[in-house]
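Given the structure is predicted, the values throughout are model-derived calculations rather than measurements. So you know, we letter chains A, B, ... as the sequences are listed, proteins then strands, and number each from 1.
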Amino acid sequence: MTTATLTPSAAPIVHEKVIVRSLKVPIILDVFAIAALVFAFGIPRRGQSSFRLSTSTDFFQIPTVVLPTVATVVTVAILLVVVAILTHLLVAFSSRGRSPLWLSAVFTVLFLFLFLTWAGADLRGIPIPGLLVGGLALATPLVFGSLGGVLGERAGVVNVAIDGQLLFGAFSAALVGSATHSPWAGLVAAIVAGVLVSWVLAVFALRYWVDQVIVGVVLNVLVGGLTNFFYTKVFAQVPSLNHTTKFDTIDIPGLSQIPIIGPVFFQHTIIIYIMYIAVFVVWYALFKTRWGLRVRSVGEHPQAADTVGINVNRTRFWTVTVAGAVAGIGGAFYTLDSVSKFDKDITQGAGFIALAAVIFGQWHPIKAALAGLLFGFAENLQSTLGIIGSPVPSEFLLMLPYVVTIVAVAGLVGQSRAPAADGTPYIKS
Amino acid sequence: MKLELRGITKRFGALTANDHIDLTVEPGEIHCLLGENGAGKSTLMNVLYGLYQADEGEILLDDDVQHFSGPGDAMNAGIGMVHQHFMLIPVFTVAENVMLGHEPTRLGGRLDLAAARAKVREISERFGFDVDPDAVVEELPVGVQQRVEIIKALSRDAKVLVFDEPTAVLTPQETDELMAIMRQLRDTGVAIVFITHKLREVREVADRITVIRLGKVVGEAQPTASNAELASMMVGRAVDLSIHKDPPKIGAEAFVVHDLTVIDAADQVVVSHVGFTVHAGEVLAIAGVQGNGQTELVEAILGVQNRVEGSIRLDGRELLGRSVGGVLDAGVGFVPEDRTDDGLVAEFTIAENLMLDRSTGAPFVRGGTLQLTELERFAEEKIAEFDIRAQGVTTHVGRLSGGNQQKVVLARELSRELRLLVVSQPTRGLDVGSIEFVHTRIVQTRDSGIPVVVVSTELDEVVTLADRIAVMYRGSIVGIVPGDTSREVLGLMMAGEKPAEVAA
């Protein structure tokens, strides 16, 4: 036969895909739909539920929405059952074999509405802006922490020490903020503190190739012990060192007076405005700049990066440094915005929730920030319900943020792929 | 640009990987560096590319001594490298991969993707490559990925281009295309270093040949030299390139795979409706370019893939659905493609590795205790029988050479009562001596009446061993042909074509 020439086709390899009809999502929705039916018919609450939508500073007031509890709960419960059945049908018969994500989102919002209506029967009225503002506040350290996590892991360094960075940031901000009476100095101190923690991580992970998860865990314990020690030995003796000047709230003119949106997003301290900018800047830097391309390359395939002249460990070191700085700002939120003093274990493990947000957000800064917001909201829902006196035991509600985290990370993530070289030291032979 | 290496010496501990190597490559020539696996070719090129620092010797470009402290320096000096394992970031696009490390930017460090795309298109058109700058690299066939590597080197104006074992992952046709590209580059004045251990390719494309053995240059050869001459220079003794093999004594149908489909974790059909029959006393070779479903097929036979449909019958009994232990108990011997990851426990001794799949009972375990005397006796016997070069039975397997490691795996698998032998890439990375040994043992196994399945991406190996050849392409079997089918036909089949003369 003649010598054959065959040009390899430049077309992407398209594998045939099988449709997997997974019942995971429908079953989760079933469970919640059944719970909704129980709320509607099993343990009905009578009376009226009211939702307060406006705050006093708004341009115009939206009247409080008052709904008949039983009728609303029953209607929404039936809607939820319909959505659950629809999900089953979509999984069984649609050509893609699964239900769209937005349907799950609609279901979640509806369920939340049902639950609030049920729990809020005959109470003072649920302050919707307050619920959201509190959620944003609780989410702020999570968002900064998850940005720090995304940065580190994109460069190939697993950052389990986020909690340590937040905690040390909070501590340093309190100390320096109190000593200088300047929140700005406190903020700088928090950044330095975050960087210091990440440098320890970087040295052990990059220089001595110690398992990064272990270093991270040890750092959390170390920072926890250290701050506890100074809290009891120093702050307790000299209370003036633990009384910071907080940042003032800055209302963005105009925007802050829009009902709901204004109080939720535009009546905050500088730290939250920095957060808005940080999410965007991290995204832009990672995906649109030379620096970001290089960071992602050392996180995916460090040897390939090395062969084009990129210094892998230097790139990782500086990325981890930036990650620590970002997480440090998150720590400052506790003592320069939220309360004006440091307390033992003030983060309450927020760093670990931030780590979950990194995974739930698929190592993408914007998605991770949204995941942080979700977790923050779940946490605030718990405390709001406790305050307005809902019939659900508060011990039970304490689980809520963690249940949301587990369900979100385990059940709904789907296939997210970590950077290929995440957690692996680059050892040149 | 002229490249000159003078007295390059590189030691790793007690091992001297390169021993005073001299090499000169003129512009506009293809210079082949021929040597066995482990002869020190790749080490030498890594020294040239700045990945390793030489202990002695110097690198000269156009008679200027160079000092490379990293690949960046080598690249700036005009050296480009097409690596054996592509240095591409799988999740990046072609343009991103090509620009990485010398990115054109606009205001504020913003990547100038348009410029990078234009560069890819320009080089791509110059050599007729047909590469889409926006394609994601991991979705491209390996042949195209290799072109991306070449574009990457050329985009930095490389004047010396090193190809490190570039044909290992290519179909024969893609190899021909690569050779054409190399000639084209040579004619534009690029100095090319072509590293390989494949004699046929050397003779086809080389202008000059330097042979390396055990870290030393053993001489130059002409492209007109015969295969036997080149092989004996490479190995250091006369080599019989063909092994003795009698015609097969075909027995009854023994191993029947029917309509087998394997689905991977990403829900992709990686093996699609595959069926074949192996008779007792016959070698069926499964040929194909790496990554066309061979790995998953073998894993399905062994029982480590969990989404498998169809049937796998050995002597009439169904294997599908059994645990790995059940499959082994049914008499399946298995040599995995990656012996260091799947075949052996590097930190275990030879003796311990020899009993890995027989830890459940006699003769090596009684009442939950290891029978160490029995094990030692057995290991001594196998070391002698399989010519395993080691200090003793307690030597850790990780310290052995690739050839000796593979002999340990073979010894373990062949010393059980077998009804089927499945070997995957049996000689990958082995020296010529070990290849001969492994091939001989496979043929002996066949001659003892056991059906054998050999999975290999090396066409030479397939042709040497096979009584029949099944060619896989993108998860399916393109066709099953006699063992003496021509390389051209096999090559076409490996690219998914079904030549007219191939019966269904």
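With sequence neighbours left out, B/Asp134 forms a side-chain hydrogen bond (donor to acceptor under 3.5 Å, both in side chains) with B/Arg117. In this structure B/Thr295 satisfies the side-chain hydrogen bond (donor to acceptor under 3.5 Å, both in side chains) test together with B/Glu337, sequence neighbours excluded.
For CZ of A/Phe204, the number of neighbouring non-hydrogen atoms (other residues, nucleotides, ligands) closer than 6.0 Å is 12 at most.
A distance of 13.0 Å separates CH2 in A/Trp291 from CD in B/Glu103, rounded to the nearest 0.5 Å.
For A/Arg290 (side chain) and B/Pro104 (main-chain N/O), no donor-acceptor pair under 3.5 Å exists by modelled atom type.
A/Val308 is not listed as a side-chain neighbour of B/Pro71, based on a closest heavy-atom distance of 4.5 Å or more. Counting only heavy atoms from C-beta outward, the side chains of B/Leu88 and A/His301 never approach each other to under 4.5 Å. Residues A/Leu293 and B/Met99 meet the side-chain proximity criterion, which asks for heavy atoms closer than 4.5 Å.
At a 4.5 Å heavy-atom cutoff, B/Arg106 makes no contact with chain A through either its backbone or its side chain. Proximity to chain B is limited to the side chain of A/Ile310, based on heavy atoms less than 4.5 angstrom apart.
Judged purely by distance below 3.5 Å, without hydrogens or angles, the side chains of B/Arg110 and A/Thr289 never pair a donor atom with an acceptor atom.
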Check against side chain to side chain contact (heavy atoms under 4.5 Å, CB included), A/Thr307 and B/His83:
CA-CA 10 Å; A/Thr307 58; B/His83 298 265; 3.8 Å; yes
